[in-house]
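Numbers restart at 1 for each chain; the letters A, B, ... are given by sequence-line order, proteins then strands. Owing to the predicted nature of the structure, the values given are computational and were not obtained by experimental measurement.
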Protein chains: 2
Amino acid sequence: MTLAPDPYAALCPSRQVLDRVGDRWTILIMRSLAGGPRRFTELAREIEGISQKMLTQTLRGLERDGLITRTVTPTVPVRVDYELTDLGRSLGEPIAALERWAVDHMGEVLDARDRYDGRETEIPGRQPR
Amino acid sequence: MTLAPDPYAALCPSRQVLDRVGDRWTILIMRSLAGGPRRFTELAREIEGISQKMLTQTLRGLERDGLITRTVTPTVPVRVDYELTDLGRSLGEPIAALERWAVDHMGEVLDARDRYDGRETEIPGRQPR
DNA sequence: CGGGATCCACCGCGATACTG
DNA sequence: CAGTATCGCGGTGGATCCCG
């Protein structure tokens, strides 16, 4: 920690992508934008539960990574549109693959969890019968 | 926030998968285990930078989700082997897709970042030339 | 060897208030 | 409308000690 602040950042590219994709809001925002350009308030409305701070922050990160564009129309009041870039759209494929896995296997995961949690909360001397 | 502690957990299955896959260590552990069963200390050695607490914690989570098995051999000292389940292995595919995207497009992302950061730190009156 | 328990520092994020 | 600025809390993870 004294030498390198984050030794993993430079290690694998997948780590960097996962840091983007893995956070709570990126996927939801990109899914919204997959339906076409969106204004700031539209995104805030479509993505239930997001704070305006996190929306701004995540959008900045996505723009920085070249996954979306931010277009300001200097009317009064100002209008800002966000839109996926080709790069952003290309990321949609692997994400979709992950979502397909989730949908296909979520049942098994949930079952596994039930089994695991059930085992843990058993009273040791008690027979399950 | 007063009604539901986490309204997103129940919303989409992809969210749950991403919470697993997205954290710092899951991918690294599963990649290690893709090479065959591993003991606790082997994992700790292969995955540089992980604390023993996070290794334990992440392994528990993976076991709970049915992605890995934990086998205890009651020798002295005890021996514990971790191994991917079929379910765990099946998750390898979508993850590999994501990693392929990362490798293929990391250059573009990095370029985009440089451009973005460059713009922001420009002195307004100064011409870039 | 393979953990569990505890303590603590950090900071991510929400809430709130203000602005062009 | 689309943000920025500030404050404060809670949870995450590292460090350390202990145990079967």
Provide, to the nearest angstrom, the distance between the [atom1] atom belonging to [X] and the [atom2] atom belonging to [N].
X	N	atom1	atom2	answer
A:Met54	C:dC11	CE	P	16 Å
A:Gln57	C:dG12	CD	P	8 Å
B:Ile50	D:dA15	CD1	P	12 Å
A:Trp25	C:dC13	CH2	P	10 Å
A:Asp19	D:dT12	CG	P	17 Å
B:Leu55	D:dA15	CG	C1'	16 Å

- Message: Donor-acceptor pair, distance only, cut-off 3.5 Å: does the side chain of A:Thr26 make one with the backbone of A:Arg20?
- Response: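 Judged by distance alone, yes, a pair lies under 3.5 Å.
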- Task: Please confirm whether the backbone N or O of B:Ile29 pairs with a side-chain atom of B:Ser32, one donor and one acceptor, at under 3.5 Å?
- Result: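 No, B:Ser32 side chain to B:Ile29 backbone: no donor-acceptor pair under 3.5 Å.
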- Query: Should the heavy atoms of other residues, nucleotides or ligands under 6.0 Å from CD of A:Glu42 be counted, would the total exceed 12?
  - Reply: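 Buried by this count: over 12 neighbours within 6.0 Å.
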- Message: I'd like to know whether A:Leu43 forms a side-chain contact (heavy atoms from CB on, under 4.5 Å) with A:Ile50, so could you lay out the CA-CA distance, the side-chain angles of the two residues, the decisive distance to 0.1 Å, and finally the verdict.
- Response: CA-CA 9 Å; A:Leu43 287 170; A:Ile50 193 171; over 6 Å; no
- Applying ring pair (Phe, Tyr, Trp, His ring centres under 6.0 Å), which residue pairs with at least one partner in residues 66-85 of chain A are found, sequence neighbours left out?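 For residues 66-85 of chain A: none.
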- State which of D:dG14, D:dC1, C:dC13 makes the closest approach to the side chain of B:Ser51.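 Closest of the options to the side chain of B:Ser51: D:dG14.
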For nucleotides 2-5 of chain D, give me every protein contact, N/O to N/O, under 3.5 Å, one pair per line with atom names.
{"from": "D:dA2", "atom 1": "OP1", "to": "A:Arg39", "atom 2": "NE", "distance (Å)": "3.0"}
{"from": "D:dA2", "atom 1": "OP1", "to": "A:Arg39", "atom 2": "NH2", "distance (Å)": "3.2"}
{"from": "D:dA2", "atom 1": "OP2", "to": "A:Thr41", "atom 2": "N", "distance (Å)": "3.0"}
{"from": "D:dA2", "atom 1": "OP2", "to": "A:Thr41", "atom 2": "OG1", "distance (Å)": "2.0"}
{"from": "D:dG3", "atom 1": "OP1", "to": "A:Arg60", "atom 2": "NH2", "distance (Å)": "2.9"}
{"from": "D:dG3", "atom 1": "OP1", "to": "A:Arg70", "atom 2": "NE", "distance (Å)": "3.2"}
{"from": "D:dG3", "atom 1": "OP1", "to": "A:Arg70", "atom 2": "NH2", "distance (Å)": "2.5"}
{"from": "D:dG3", "atom 1": "OP1", "to": "A:Tyr82", "atom 2": "OH", "distance (Å)": "3.4"}
{"from": "D:dG3", "atom 1": "OP2", "to": "A:Tyr82", "atom 2": "OH", "distance (Å)": "2.4"}
{"from": "D:dG3", "atom 1": "N7", "to": "A:Gln52", "atom 2": "NE2", "distance (Å)": "2.7"}
{"from": "D:dG3", "atom 1": "O6", "to": "A:Gln52", "atom 2": "NE2", "distance (Å)": "3.4"}
{"from": "D:dT4", "atom 1": "O4", "to": "A:Gln52", "atom 2": "NE2", "distance (Å)": "3.1"}

- Item | Under the side-chain hydrogen bond (donor to acceptor under 3.5 Å, both in side chains) test, residues paired with A:Thr69 that sit two or more places apart |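 In terms of side-chain hydrogen bond (donor to acceptor under 3.5 Å, both in side chains), with neighbours along the sequence ignored, A:Thr69 is linked to no residue.
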